[in-house]
Every structure is written in C-alpha cells, then in structure tokens.
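The structure appears right after this line, and notes come after that.
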Amino acid sequence: MTTLTCGNHSLNIEIPKVMGILNVTPDSFSDGGKFSRIDVALEQVEKMIFDGASIIDIGGESTRPGAQSVSEKNELERVIPVLKAIKKRFDIIVSIDTSKAVVMSEAIAHGAGIINDVRALQNDDCLKVLAQERCVAICLMHMKGLPRTMQHEPQYDDLIGDISHFFQQRILACTEAGINKSRLILDPGFGFGKSLEQNYRLLANMSKLQSLDLPLLAGLSRKSMIGNLLKREVNDRLAGSLATAIIAAQNGAKIIRVHDVKETVDTLKILQATIVNT
Ligand code: 9MG
C-alpha cells in the first residue's frame, strides 16, 4: 500500500513523510506552550509547511511521562479553534492527537484527516465514532501503562512480540467495529512505557513490525531516550533526533513525527538519494 486517505487528501507514503508537531498544551515537554495563541500557531504551521511537512499534528493533552489528564471541554477549547484556523488558511493534512471520542468527532467535523491516538482507540466510543467516519486515517500507538506511571520499570516478555501482539488485537478490534484495515497506521510508541534500553532495542528491530502489513509511524523527536543517552537538555537534541529519524526510516517508518521539520526533511532527502542510487 502506498497511499493513505486522510480526509480530502491522499497521502503518498512510498517515500517517508514528515509530520510536524504543534502542541497547544500549556505543559508540553519541549515547546512548553509557546504555540497556544492562534496567530503564533499559524505562523509555526506556515513555517512547517514551507519546510516540507506533509502533516501537522495538533495535540491538546500532554502525553509526557507524569502528565495530568485534561477535561474534554479544555481539550476541545485548545484544539478546535486552532484546527479551524489552520484549515481555513492552509491546504494541509491535519492530524489530531487525542484519545477522546468527542474530540475525535468534533475534529473530523472540522476537517482533521488523521486521528492520532496514543491509547489506540481503547477509550469509550472511539471505535464507534471512527467506524462512522470512513475517510479518516487512524494512528494506533502502543503504550504500556498510562502516561502518569508508564516509565516505572516497564517489563516485557518479548518486546517486539508483545508490541506485535498488542497491534494484532487492536487491528482486530478495529475491523470488528467496522474500521477498514486500510485506514490504519501503527506506531510502536517510543518512550511510552519503555526503558532506555528497550527504546533502542525497539528502534533496532522496528523493521520486524512491517510483517503486520500496515504503514509505520515513528515519534522520537527530542525524547528522553535521546536526552538521557547524550546527556542533552530538551532543546539540544537535534543531532540525536535526526539520527533516530534516519534509523527509523531505514527500518520502515513511513511517517516521522518531529519538531524540527526542515532538518528532518533534509536528512530524509539524503537517505532517499542514497537509496535510489544503490
Ligand atoms: C502525541 N505523541 C507524543 N509522542 C508520540 C509518538 O511517539 N507517536 C505518536 N503517534 N504520538 C505521539
């Protein structure tokens, strides 16, 4: 499969594409709420599009380790006005990072083309809402535990096997609910209930998840697995982020979720030029 239907856009993922992160949370771990005002958010989106982003991912609930949950009302107030403003001004695929059925439904009504759920549609009514909305792609992410506690000594019998098994179960839940498999994207969830060593084992073995026959998404940008290894603060992790992006793309990731769009697009162009000339 080389294209994904994302609302009224068709996304060719033969060559890896970049998803730019726009956080609209006040406590987001790396850009700390800088983009919560609509005009500033629009400027940031314009730059990400200019730099080569194919998708803009908006999140109204922080999923950083230890983060507090946010009410439905607050999440809607953070996300929907920004989504509306982006769709009015730009012709770009917008992904909404949410685990709440009401937010999914409202976001789709306002033009979201992808639902990015770190809880893989396990919350109430999510499967039902997305079964009704047939043109929207869905990213199912693997997370062990919940954001508040997920980094407390996560244990696996077989890291890749356990993640594969989780995906098989979630794919089945989707298809049984009436969601076509062709709409799904899988994300192994770097940093979500994985130790430092487990995250690098996952990165090294990510290609094994290709056997599930669905596009893979990887989000590694500025994460602790980079900062803890390199002893770098969050805004000093660009080199590490680019290294992980290139390894993920070489291991089959078709969408790379990042803060630094321009640098990641350049890095992926170098990879692509090398691949076509092998
Ligand atoms: C919202 N969010 C934060 N990190 C993420 C990741 O690695 N993948 C996806 N799909 N979403 C993420």
Discussion item. Taking the six-membered ring of Phe190 as reference, does the cationic atom of Lys223 (NZ for Lys, CZ for Arg) lie under 6.0 Å from its centre and within 45° of its axis?
Written reply: no

Discussion item. Is the shortest side-chain heavy-atom distance between Pro81 and Ile38 below 4.5 Å?
Written reply: yes

Practice prompt. Let me see the working for Arg89 and Glu46 under side-chain contact (heavy atoms from CB on, under 4.5 Å), right down to the final yes or no.
Written response: CA-CA 9 Å; Arg89 185 142 154 209; Glu46 186 169 31; 3.5 Å; yes

Discussion item. Taking the basic N atoms (NZ, or NE/NH1/NH2) and the acidic carboxylate oxygens, is any pair closer than 4.0 Å for Glu77 and Lys73?
Written reply: yes

Worksheet item: Does a donor on one side chain and an acceptor on the other come within less than 3.5 Å for Ser207 and Gln210?
Response: no

Item to complete: Decide yes or no for Asp162 and His142: does some side-chain heavy atom of the first lie under 4.5 Å from some side-chain heavy atom of the second?
Response: no

Worksheet item: Are the side chains of Arg183 and Thr5 in touch, meaning some heavy atoms are under 4.5 Å apart?
Response: no

Discussion item. Is it true that, when you exclude Lys262 itself, more than 12 heavy atoms of the residues, nucleotides or ligands shown sit nearer than 6.0 Å to its NZ?
Written reply: no

Discussion item. Quick one, Lys100 and Val79 - any side-chain contact, counting heavy atoms below 4.5 Å?
Written reply: no

Worksheet entry | Shortest non-hydrogen contact from Met48 toward Val261 | O-CG1, 3.6 Å

Practice prompt. Report the distance from atom CD of Glu75 to atom OG1 of Thr98, rounding to the nearest 0.5 Å.
Written response: 3.5 Å

Fill in: Residues in salt bridge (Lys or Arg N to Asp or Glu O under 4.0 Å) contact with Lys254, at least two apart in sequence or another chain
none

Practice prompt. Indicate whether any N or O donor in one side chain lies under 3.5 Å from an N or O acceptor in the other, for Ser99 and Glu61.
Written response: no

Worksheet item: Near Asp39 CG, under 6.0 Å, is it more than 12 heavy atoms from other residues, nucleotides or ligands?
Response: yes

Worksheet, complete the sentence: Separation between CD1 (Ile270) and CG (Asp266), nearest 0.5 Å, reads 7.0 Å

Item to complete: Indicate, with yes or no, if Ile246 and Ile226 share a hydrophobic cluster defined by side-chain heavy-atom contacts under 4.5 Å among Ile, Leu, Val, Met, Phe, Trp and Tyr.
Response: yes

Worksheet item: Donor-acceptor pair, Lys87 side chain versus Ile92 backbone, under 3.5 Å?
Response: yes

Worksheet entry | Any side-chain heavy-atom pair of Gln44 and Leu22 under 4.5 Å | yes

Fill in: Lys181 bridged to Asp213 by N-O distance under 4.0 Å
no

Discussion item. So if I apply the side-chain contact (heavy atoms from CB on, under 4.5 Å) rule between Leu140 and each of Asn116, Asp117, Leu186, which one comes out positive?
Written reply: Leu186

Response to the item:
Between Ser54 and Lys17 the two heavy atoms that sit nearest each other are OG-CD, 3.2 Å

Discussion item. As a quick check of understanding, evaluate side-chain contact (heavy atoms from CB on, under 4.5 Å) for Ile86 and Leu42, giving each step before the final call.
Written reply: CA-CA 7 Å; Ile86 293 172; Leu42 286 175; 3.9 Å; yes

Worksheet entry | Considering all heavy atoms, the nearest Val24-Gly60 contact | CG2-CA, 3.9 Å

Worksheet item: Which atoms form the tightest heavy-atom contact between Asp187 and Phe167, and what is the distance?
Response: O-CZ, 3.2 Å

Discussion item. Within the 4.5 Å heavy-atom criterion, are Pro154 and Gln198 side-chain neighbours or not?
Written reply: yes

Response to the item:
Closest non-hydrogen atoms of Ala249 and Leu268, given as atom of the first, atom of the second and distance, are CB-CD2, 3.7 Å

